[in-house]
Every structure is written in structure tokens, then in C-alpha cells.
Amino acid sequence: MSFKRFNQTGRIVLINFGPSQGKIAVLLDIVDKNRCIIDGPSGRQVVNLKRITLSKFCFSIHRRSITKKILDFFITNKIQNKWAKSQIGKRILRAQQKKKFSDFENFKFMIGKKHKSNFSR
């Protein structure tokens with residue numbers, strides 16, 4: 001099993017840190033060994049490679065594409081829908097839903113986890 005997620009032009013990434021945290025973008029160009037240029041619904045920006053997570057989605061796109069073409073690319077390829085169906089997208093959605101739990105819902109969730117672990121024994 002070899003490594004398959006490389007830093008390459010056209011790779012869809014998740015922003016992990018900063019004001020655009022939790023949004024997705026397209027990796028457009030590599031500036032140096034630590035930074036890259038990304039663009040998407042959150043705008044074009046230079047970010048550190050440690051602050052993004054590479055996804056399995058990779059599309060052929062030009063390095064110097066303008067933002068309007070990138071946004072059209074997101075719409076025509078239905079990137080948001082594909083992202084929502086991926087493992088990372090589902091995990092983020094679950095975490096967001098769990099953050100919205102009230103005290104009682106958190107309590108019910110905890111009790112459910114306890115019952116689930118008792119049944120598996």
C-alpha cells in the first residue's frame with residue numbers, strides 16, 4: 001500500500017486553522033516546501049501545508065486559474081456534494097451536530113454509548 005495523497009495542483013483540501021477553518025478549497029500552486037496557494041469559496045490565500053488536510057479528490061485544473069473559474073469548477077463538478085459524502089465530510093458534520101446538543105441530548109448520547117458498549121461485551 002503506497003501513499004496516494006500528494007500535494008498537487010487540483011487537489012481538494014480542508015482548511016484546519018485560521019479564519020477559514022472547516023472550509024474546503026482547491027490547491028492551485030506550491031510556493032515552497034512549506035506553503036501553497038489555495039482558492040475556493042473562502043477566497044484565494046497562501047497557507048502553510050501544516051494547516052490543510054489533503055482529500056482523496058483531485059481534478060485537473062490550471063495552476064493560474066482565476067477565482068471565477070474555480071467557483072464555476074466547484075459548481076459544475078458538485079464538489080460540495082462529493083465532499084459531504086466523503087468520510088471526512090461525514091465526520092465534520094457529526095461533530096457539528098454534536099456541538100449543538102443540549103445538556104439532555106448529551107446525557108442521552110452518553111447513556112446510549114454505555115448501552116452499546118454493554119451489548120458488545
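Across all their heavy atoms, K33 and L49 have their closest contact at O-CD1, 3.4 Å. Considering every non-hydrogen atom in both I66 and D39, the closest pair reads C-OD2, 4.4 Å. Nearest heavy atom pair, residue S65 against residue L28, reads O-CD1, 4.3 Å. The shortest heavy-atom contact between I15 and I52 is CA-CG2, 4.4 Å. Contact detail for S42 and S20: the closest heavy-atom pair is CB-OG, 3.7 Å. Minimum interatomic distance between N106 and F101 (heavy atoms only, all atoms of both residues): OD1-CD2, 3.6 Å.
I75 CD1 to Q80 CD: the interatomic distance, rounded to the nearest 0.5 Å, is 9.5 Å. Separation of atoms NZ (K82) and NZ (K56) is listed at 10.5 Å; rounding is to 0.5 Å. Distance SG/C36 to CD/Q8: 12.5 Å, rounded to 0.5 Å. For the atom pair CZ of R91 and OG of S86, the computed distance is 9.0 Å after rounding to the nearest 0.5 Å. Interatomic distance, T9 OG1 to I61 CD1, rounded to the nearest 0.5 Å: 9.0 Å. In this structure, CG in L54 is found 11.0 Å from CD1 in I12, a value given to the nearest 0.5 Å.
Counting only heavy atoms from C-beta outward, the side chains of I92 and L14 approach each other to under 4.5 Å.
Under the 4.5 Å side-chain heavy-atom criterion for Ile, Leu, Val, Met, Phe, Trp and Tyr, I70 and L27 are members of distinct hydrophobic clusters. In the hydrophobic clustering of this structure, I79 does not group with L93; members are Ile, Leu, Val, Met, Phe, Trp, Tyr whose side-chain heavy atoms approach within less than 4.5 Å, directly or through other members. Both W83 and F73 belong to a common hydrophobic cluster when Ile, Leu, Val, Met, Phe, Trp and Tyr are linked at side-chain heavy-atom distances under 4.5 angstrom. Put simply, I88 and F57 are part of the same group of oily side chains (I, L, V, M, F, W, Y) that touch within less than 4.5 Å, one to the next.
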Step by step, would you call F74 with I24 a side chain to side chain contact (heavy atoms under 4.5 Å, CB included)? CA-CA 10 Å; F74 264 77; I24 59 173; 3.8 Å; yes
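Shown here are the side-chain hydrogen bond (donor to acceptor under 3.5 Å, both in side chains) partners of T53, two or more places apart in sequence or in another chain: N16. D32 pairs by the side-chain hydrogen bond (donor to acceptor under 3.5 Å, both in side chains) definition with R35, not counting sequence neighbours. With sequence neighbours excluded, no residue forms a side-chain hydrogen bond (donor to acceptor under 3.5 Å, both in side chains) with R5.
Within a 6.0 Å radius of CG in D103, no more than 12 heavy atoms belonging to other residues, nucleotides or ligands are found. The number of heavy-atom neighbours closer than 6.0 Å to CZ of F6, taken from other residues, nucleotides and ligands shown, is above 12. Other residues, nucleotides and ligands contribute at most 12 non-hydrogen atoms within 6.0 Å of the CZ atom of F107.
Judged by distance alone, with hydrogens and angles left aside, the side-chain atoms of Q97 form no donor-acceptor pair with the main-chain N or O of R94 at under 3.5 Å. Between the side chain of N48 and the backbone N or O of K50 there is at least one donor-acceptor pair closer than 3.5 Å.
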